[in-house]
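Just below is one structure, and these are the notes that go with it.
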Amino acid sequence: MYRLKPEIFNLDYTLDCGQVFRWEKSGDWWTGVVGDHVIRLSQEEDSGDLLIDSQLPPEFFSYYFRLDDNLPSIYESINKDLLINRAINKYSGLRLIRQNPWECLISYMLATASSIPTIQKRIYLLSRFFGQELEEGYFSFPDPGTLAEADLSLLDKCKLGFRTERIKEAAREVASDELDLNVLYRLEYRYARERLMRLRGIGEKVADCVLLFAFEKMEAFPVDTHVRQIIQHYHIDDSYFETCTNMSCMGEWGRKYFGYYCGYAQQYLFYQKRLEGFVSLY
DNA sequence: GACCAGGCGTACA
DNA sequence: TGTACGCATGGT
């Protein structure tokens, strides 16, 4: 167990905001599986210190929680109106996480048209049936080869619904190197996006989530049902929106409106909407 | 029992 | 090019 002193960091917001699905809070402590490690984390209320119960070094957590991001500078760049201003003040310290690309890809593929608790359950079941047990009750995320060859009757137990075949196919592509996740890092946002969207089950929203949360593409702006409702509700009389009704257009709008760090803006708006609905700005 | 959830693919106009 | 609908599943 050791301590880390992060600048402007809120552990609860970061793990609860809906970007990751494998962390659970019990009392003051969060427990989660990252790679082959079961990690326990807590944050001291007064000092803001991060208490870390893990074999992994501090450098890992600086990387994982993007402590290298200059949040004040990011806030300044995305602070375009009262709504986002409220969100970045209220949820200050929420940081995006650098997720494992493979796990992130599958997680958001099986997130389509599902609530967050349902997504968490599916990922747990996948890990339980196809991952390795790390300690009692905690399992690693299954690797591509295992899912590619997964028995369909066992896969059905994970309750993936119509997503089952898509997951298997994606796993096969990654396992066979037909899709090399490493090259996506080096591609520009728009090309990486096009490549991901060639997979069945990945449209603009899922691609943007994966690019933002796992491939360092900060300019991704995922438009899900919450973000669509926010845009329709608050920007309804913006002239730009008289011709902007579909999700694709809303994504374009978000990128132009918030600039390079629109991905951060999106996550703050998403979290605020989930917890508070349509907030009053007066 | 209808409706929605971090949507996508397809058919049809 | 744009819209309507089906697709499994779980929670309200």
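All values reported here derive from a predicted model rather than from experimental measurement. Order of the sequence lines fixes the chain letters, A, B, ..., with proteins taken first and strands second; residue numbering starts at 1 for each chain.
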Q. Is A/Phe213 touching bases, backbone alone, or none of the nucleic acid, heavy atoms closer than 4.0 Å?
A. base
Q) Expressed in angstrom and rounded to an integer, what is the separation of A/Arg163 atom CZ from B/dG7 atom C1'? A) 9 Å
Q) Over how many whole Å does the gap from A/Leu199 atom CG to B/dG9 atom P extend? A) 9 Å
Q | Nucleotide nearest A/Lys159 (side chain, heavy atoms from C-beta), chosen from C/dA8, B/dC8, C/dG10 | A | C/dG10
Q. So, for A/Tyr268 and A/Phe258, is the gap between ring centers shorter than 6.0 Å?
A. no
Q. Whole Å only: how far is the CG atom of A/Leu160 from the P atom of C/dA8?
A. 12 Å
Q) For A/Ile116, which contact category applies under a 4.0 Å heavy-atom criterion: base, sugar-phosphate, or nothing? A) sugar-phosphate
Q: Give A/Ala111 one of three labels, base, sugar-phosphate or nothing, depending on what nucleic acid heavy atoms sit under 4.0 Å from its own.
A: sugar-phosphate
Q. Using the ring of each side chain (for Trp, its six-membered ring), is A/His233 parallel, tilted or perpendicular to A/Phe278, with breaks at 30° and 60°?
A. parallel
Q) Base, sugar-phosphate, or nothing for A/Leu212, non-hydrogen atoms under 4.0 angstrom? A) nothing
(Q) Counting only heavy atoms not in A/Gln229 (residues, nucleotides, ligands), do more than 12 fall under 6.0 Å from its CD? (A) yes
Q. If the P atom of B/dA11 is compared with that of C/dA8, how far apart are they to the nearest Å?
A. 16 Å
Q | Atom-to-atom span, NZ of A/Lys157 to P of C/dG10 - whole angstrom | A | 13 Å
(Q) With a 4.0 Å limit, can you tell me whether A/Arg200 has a side-chain N or O closer than that to the phosphate oxygens OP1/OP2 of B/dT10? (A) yes
Q. Heavy atoms under 4.0 Å, any strand shown: does A/Glu165 hit a base, just sugar-phosphate, or nothing?
A. nothing
Q: Give one of base, sugar-phosphate or nothing for A/Thr118, where a contact means two heavy atoms less than 4.0 Å apart.
A: sugar-phosphate
Q. NA contact type, A/Gly18, heavy-atom cut-off 4.0 Å: base, sugar-phosphate, or nothing?
A. base
Q: Please name the pair of heavy atoms, one in A/Ser42 and one in A/Asp28, separated by the smallest distance, quoted to 0.1 Å.
A: OG-O, 2.8 Å
(Q) Using whole Å, what does the distance between atom C1' of nucleotide C/dC7 and atom CG of A/Leu110 come to? (A) 15 Å
Q. Closer than 4.0 Å, any side-chain N/O of A/Lys121 to the OP1 or OP2 of C/dG10?
A. yes
Q. Expressed as a whole number of Å, how far does the C1' atom of B/dA5 sit from that of C/dG2?
A. 24 Å
Q.
Looking at A/Asp49 and A/Arg3, is any side-chain nitrogen of the basic one under 4.0 Å from a carboxylate oxygen of the acidic one?
A. yes
Q | Residue whose nearest DNA chain B nucleotide is more 5′ - A/Met197 or A/Gln229 | A | A/Gln229
Q: Return the value, rounded to whole Å, for the distance between atom CE of A/Met109 and atom P of C/dA8.
A: 15 Å
